[in-house]
Structure formats: structure tokens, C-alpha cells
4 protein chains.
Amino acid sequence: MPRLTDIRKQALDEMMKEAFFEATVAVLNEHGVEGMTMDRVAAAAGVAKGSLYRYFRGKRDLLEFVFTKVVDPIFQAFEELAAKQQPAIELLSGHLEALLEHVAKHARVHRLLFEDDAAHGLLQPSERRTSEAAGRQMATVFQQGIEEGVFRPQDPLLLAHMYLGLTKGVLQSRPPLDEPEHRKDVHRLIIGTFLSGIATDKGRVAFDG
Amino acid sequence: MPRLTDIRKQALDEMMKEAFFEATVAVLNEHGVEGMTMDRVAAAAGVAKGSLYRYFRGKRDLLEFVFTKVVDPIFQAFEELAAKQQPAIELLSGHLEALLEHVAKHARVHRLLFEDDAAHGLLQPSERRTSEAAGRQMATVFQQGIEEGVFRPQDPLLLAHMYLGLTKGVLQSRPPLDEPEHRKDVHRLIIGTFLSGIATDKGRVAFDG
Amino acid sequence: MPRLTDIRKQALDEMMKEAFFEATVAVLNEHGVEGMTMDRVAAAAGVAKGSLYRYFRGKRDLLEFVFTKVVDPIFQAFEELAAKQQPAIELLSGHLEALLEHVAKHARVHRLLFEDDAAHGLLQPSERRTSEAAGRQMATVFQQGIEEGVFRPQDPLLLAHMYLGLTKGVLQSRPPLDEPEHRKDVHRLIIGTFLSGIATDKGRVAFDG
Amino acid sequence: MPRLTDIRKQALDEMMKEAFFEATVAVLNEHGVEGMTMDRVAAAAGVAKGSLYRYFRGKRDLLEFVFTKVVDPIFQAFEELAAKQQPAIELLSGHLEALLEHVAKHARVHRLLFEDDAAHGLLQPSERRTSEAAGRQMATVFQQGIEEGVFRPQDPLLLAHMYLGLTKGVLQSRPPLDEPEHRKDVHRLIIGTFLSGIATDKGRVAFDG
DNA sequence: AATGAATGAGTGTTCATTCAT
DNA sequence: GATGAATGAACACTCATTCAT
């Protein structure tokens, strides 16, 4: 039964990687990105340092794994939503909902990998890739919205960057996201602002004038 | 003539610091923040490593100098504008104009320190301080705008973060900023979006519905 | 058999530390304390510098290890003697005997750490501690002797310092200590001088007069 | 008048060296031996670092100058005393008196150069030379005393080392030396102990027995 | 003769990576 | 396959010494 053994082996591998993921997060939590050493990760995982290198080619590899593990679900959630062929605004809304939920669940890690901005040195490439991928993904929504006539015609990629930037800005101010109502508030704030702006009628007049 | 000598000395000091500034930027450019070592900066500046330490107390000091040199003008521009007692929207507009001009002038450095998000590990304290200071500064504008009745009443600090995030998002997509018209376009895009949102009337109906 | 492995591991650790001890002594011998660098110790031990740090937390740690290794046995010998509840003079005598034997055995290291007075900069704390501890330890002997009526009443701590100083003085003149008779001679000299002084009757008269 | 100029020059040189002496002592006082850098000495002396090197060939040279300046007077005092052709005991007594006075006057420096034992790394050669010179010097006294019949016949050099060691031991316990009476007490203690020992008659019996 | 900026070898220490067991 | 000891390149930083001005 080499087949079964292989499967089992693969499963074990996955479990190990999972363990390393959690160990890494724990270390990141306790020592920050600068203090994340392979020694500490191995110790946190309860294995010898050498073993780490059986599962990851190096530190960069490990961090990319962690990064991906945190980021990927958001992309997948989007893909799932997009598959449902909804109107752009609902797509946007649904995606934001999923995003906020995800951030709420992985608050600690998010803070470390995104807000504190400290890991970026080590995973710049994958970071940029991610950021760009997210931009492209969102751009399709805006493209769709423009076609639907609900968004003003504009470069969709630029819109995506603005939207993502605005969202990141809100998240960087660390609003409470634990309770569903909190998330609802933030959701309304982001979508409302991005769709309708912050100006009153008076303000809009002042601006146009 | 100790007076003249002193002045000359001070001028030389400034020139050295300027040279180190450029050397640091060059190293950051080539090796990223993680690869920015004192050795490399010294080599790039064409001096011995020890000399660096005559002008900066340490790596952190050097990086803060670079960071400040890039960031401070924006804050100062804001202060100058704010002193003029203008309406909030004009203040916002003026600040963005100054910002875009500044970014255009220091494009390379900006990319390194802000977009790539990479220097943050080493100057997190000053970085976070800066980010928060910028937030607070902008918040006063939004507060004023709310009082003027041109912005919808909302947490000014949150508005500031959204605005800054959105702006950062746009800059991250690296729009051309060399020509004044380019900047005008980006300016219009940001202000317009933030004040009026991206939705058409139809979109707004769809959203409210 | 984790038991055996652990023991073996511990033994290996001890051997490594022992090797570093000897390497350190060799380096101290050749380059003096100021010239004792971690590089040189590692080189003398024939290992990479990094390995040193697996066994010692730092330079101070290493030096303290060496120092302790040399000094501790003397203290322990004293404790053992003191436990035997002997008269003060025999205690003194016994301690000196043990000390001379110990110095004979570790002549080279002693010269480095004590006579040359050179290591002290780096281990001043532990040195001073040691010196004071030795003083206190000996003071109890003199206190006991005073109570027994065999020593003239005087500040015991001062007596201890005098005794230790005198002994150190003798050792600094590097008397031969290899043979038991040599040690016997030195022993007699020190004890005799400290107990009865160096003056003849005539000298005593001259002094008192 | 090149003659006068030369003399003046030499005098200036002496004054400079004197200033550096005091600056060095001040630095040693404030920062310890490990913290005594040429920079600090120059700053303390109020001159440029480069000037230091006009008067001293290097750090070792400077430290030797300071050391000598502190130690030499004791030797000279001895020479002066010795020239007076006194009995050995009075010579010893007179020398100790001068020594205690000297130590009292230069207490701070002494502590740094002798007790703290930290400078020795840098001036080991001159230190050893000094220690040996002192030994030889004192040995002549003991030799004389033996010839006078006031000291028991014994290796004079060994006696000298014992005497100096005992004295050093007393000084290391930092007895008060400010007042003449204090010094008198210490003087009596050292001379008394070294000449007559610390044993009572009972103790002597116990020892001989 | 004085200055102090420049030098650069050297210091202790860290840590990602390798590899013999 | 796991281990963890060994490695050694790198790093930030210091400071005695030199030398152009």
C-alpha cells in the first residue's frame, strides 16, 4: 500500500506545516517580526530547528507560507462570490463583509503582517504580488459596476486601489470588529463613503463651484 | 574669524549629511531596507564606516534623518496652509496639491519609504508617530469641515484615515505625477472620489435600496 | 534510551566547556586579558566563533566560568575544613595548605587571574565579590581565634585582609610550590610570620621602645 | 634668545602634560579604566585629540605617565629616607608613614590604578616593573634589619613581598586615612602585625606545639 | 603647533543554514 | 526522518591612530 502511505505522509506534512504556521504566529505575536528567528519558531513548534528545513526551504519560504495562509481565504471568498454573478455593488458589499469577518478572526496576525508593516522587508515580492492581485481582482468588480452603470466610468484599477486603500486606512485605525454590529458599522462606513463620498450637498456645491 | 569657520564647518556638516542621505537612498534603492547596512551606506558615500558615526549616532538615527527629511516638508506645508484660515475643502485641496508635488519631487524615496512599506521595521516608532500625526493633522480639517457643514458628521479621525488610505492607494498604483496636468488629474480623482463617491445616481439608488 | 543520551550529551557539554576553558587560558597566556577576544578563544579551541555562544552567553559568562573554575575549589575546601570544628589555628593552617596545593596545581591560571591582576577589568564584579567573600570567610576564622584567645583581639575582617594580602604577596614572588616540601616551607613562612611577626626579641624591644 | 624660548617651551610642555594628567585622572574617575578613551581625555583637557599625540606617543604612553606620576613620589620618599641612614625599623616606619600620607592624598587615583585592578591590562609591564622595584627597594630595608639583628634572618625579598602584600591588603579594605590619627592607627596595625604577629602568647604556644 | 575629520581594523554578538549522527 | 551542534558570514558599533588643513 504505497498509495495509502503516501497519502498519510502528505497528511502528516500538512499537519506539520499547520503546526509551524501556528508556531510562527505565536512567535510573531510575542517577539514581533524582527524577533522571529528560526530557532524560536522551532522551539515554539516543539521540534528541532533542522526539521523546519525539511518543510520549508528557508525563512522566506516559511513567511510566505504564513502570509499566503492568511491572505488566500480572502481571495477565495471573492472567487466564490464572483461566481454567483451578482450585481457589482452587492459583490463589493459581500466581499467587504467577508473581509471584515476574516480580519476579525485573524486580528492579531493581520496586525503583524499588514499594519505593523515590519514583515514586508522579508516578503516584499509576495506582498506586492498580493497587493496587485487584490487590485486586479477588485478591478473586475469595478469594471462590472461601470458596465452596469452604477459606478462612474473611471480606470477600474485605480478605483480598486482607492477602495483598497480606503479600507486599509479604516482598518489601520483599529476599529472594533468583534461584534457583528461593529462590523456592520464599519461596513456601512466604508461602502457609504466610497460610493457617496463624505460631502453634504452644501459641500458638493462648494467643491463644484 | 571663528565665526566664519564655524559657519563653514556647519555647512560642511550639512553637506556630509546630505551626501549620506543620498547614499542611504541609493542603498535603499539597490538593496531594500533589510539590505541597508552601515557598511554599504559608507561605501556608497565613499567614506569609511567610522565616519558615518561622526554624523549619526547609529543606524536608527540615520534612518530617522532620511525619513524626516522626506516627510517633514509635507507636515510643514500643511501647517502653513492651515495658518491661512481657509475653508476645509480648500485646505484639503491645497494640502493634496502640495502632497502630490512633494511626492513627484521625491518619487524614488517615497516609493522606498511608503509604498514598499519596507523601512517600517526599523523606524516603526517614528513611522507610527508620523502616521498618527498625519491622521491627527488631517482630522482637524475634517472637524472643521463638519463644523462648516460641508462634510457629513462623522468621526474626524476615521475620516482622516480613510482619506489618507485612499490617497495612499492611489499613489501605490504609481500614477504619473511629473506634469502639472497629471497631478491635476490625480488631484481631481482623489478629492472628487472622497467628497462625492464613485456611485452614479443609479448606483446610489441601488445602494440605498 | 533517552537517559543515556542525555547523560552523554551533558558529558559532551562539559568536555566542550573544559576545552573552552583551556583555550581561554591559552589565549590569556599569550595575549593577556585585553587581548582575549572571542575570536581568539574560538580559534584556540579550533571551533567557529558562533559555537562559543552555544556554551556561554557572552564574554563575561565565559570569563566568569574560567574564574569560578579556578576559585571555587578553594572556597569549598574551606567550607569542608570549617565543618570539622577545629581550633582556629589549625583551620588557618589547613586552609593555607589546601590553598597552596591548589595554586600549585593551577599555577599558570593563577598567575593570570591573580598575580597579573589583569583580568579584573572584565570580571570586576565577580572578582570583588570573590575577594570580599574570601575576606568574610577568613574573618570567621579570626573571630573564632580571638574567642579562643589565641589571636589578639582586633577587627577580624581587617585581620583577614592582612592575612590574605600577605599570602598574595608571597605568591606574587612566585615561590616554587611543586614539591610538598616547598609548600611546607612557604606554609611555615606565612603562618609563622603572620602569627609571630618577623621581629626578633631585640627588634620587638626596638619597636616598642 | 633661543635658550629662553626652549626653556619656555619645555615648561609649556610640562604644563600640558600636567593638564593631561589631571584630565586623565578625571576621566578615569568618571568612566573607569575601560571607559578611558583618548577622545574623553582630550575633551576633559579641553584640547583636540590630535594634540594628545604631540605629547604622548599613544594611550600606553599616557597611562604610563599617569602611573609613574602617582607612584614615583613614593619611591623618592623612600630614597630620601634611606639616605638618612636610620635603623631599619624606623626606616620601615617612616616609609609607611609617607606611603599612607600619599595614599590619603591620592586616594581616588590609587583606588583606580591599584585596587580596581583594571588598568593593569594596559600597563602590565610598567606595573610589574613597579611592583618589583618596590619589592627590591623594601628588600634593602629588611636586609638591613636582619643585619641589625632586629629581623629574623629570612629571604629579604620574600619579606618585602609579604610586607607589601599585607599593606596592600589593609589598604584594599579601604580604611579611613583622612585624619592623621586614622593613619596612625593603620600604621600601628601594619607595623605591629608584621613585626610581632597576631598571636597571643597562648596562640604562639599552640602554634609551636 | 593645533585641530578634528577620517580612517579601518577590530569587537562582541546574532542567526539562517548545513550536516554528521 | 529528526536532531541540534557547528558554522561563518554579517551586523552595528568603537576607538586608537593618522594627517590634511
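Letters go in sequence order (proteins before strands), and every chain restarts at 1. Computed from heavy atoms alone, side chains included, the values below leave out hydrogens, waters and symmetry copies.
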Drop me the distance from [X]'s [atom1] to [Y]'s [atom2], to the nearest 0.5 angstrom.
X	Y	atom1	atom2	result
R40(D)	T24(D)	CZ	OG1	13.0 Å
D13(B)	Q10(B)	CG	CD	7.5 Å
I7(A)	L12(A)	CD1	CG	12.5 Å

[X] [atom1] - [N] [atom2] separation (whole Å):
X	N	atom1	atom2	result
D13(C)	dG4(F)	CG	P	12 Å
E34(D)	dT14(F)	CD	C1'	13 Å
D39(B)	dT14(F)	CG	P	14 Å

Leading and trailing nucleotides of DNA chain E with any atom under 4.0 Å from heavy atoms of chain A: dC15(E) to dT18(E)

For E14(A), enumerate each residue passing the salt bridge (charged side-chain N to carboxylate O under 4.0 Å, His left out) test, keeping only those at least two apart in sequence or located in another chain. none

Hey, where does DNA chain F pair up into stems, meaning at least three consecutive Watson-Crick or G-U pairs with distances under 3.5 Å? E:2-21 with F:2-21

Can you give me every donor-acceptor pair (side chain of residues 47-57 of chain D, partner residue at least two apart or in another chain, under 3.5 Å) with its distance?
unit_1 : atom_1 : unit_2 : atom_2 : d
K49(D) : NZ     : D39(D) : OD1    : 3.0

Below 3.5 Å is the cut-off: list the nitrogen or oxygen pairs between protein and nucleotides 7-9 of chain F, distance only.
unit_1 : atom_1 : unit_2 : atom_2 : d
dT7(F) : OP2    : A48(C) : N      : 2.8
dT7(F) : OP2    : S51(C) : OG     : 3.0

5' precedence on DNA chain F between G58(B) and Y55(C) (nearest-nucleotide basis): Y55(C)

Audit row: L62(D), M36(D), side-chain contact (heavy atoms from CB on, under 4.5 Å) steps and yes/no: CA-CA 11 Å; L62(D) 171 59; M36(D) 195 215 98; 4.3 Å; yes

Heavy-atom pair of closest approach, residues E34(C) and E34(D): OE2-OE2, 3.7 Å

Across all chains, not counting sequence neighbours, the side chain to side chain donor-acceptor pair (under 3.5 Å) partners of K69(B) are E18(B)

Donor-acceptor contacts under 3.5 Å from residues 25-33 of chain C side chains, at least two apart:
none

Note, F21(C) side chain near V70(C) side chain (heavy atom, < 4.5 Å): yes

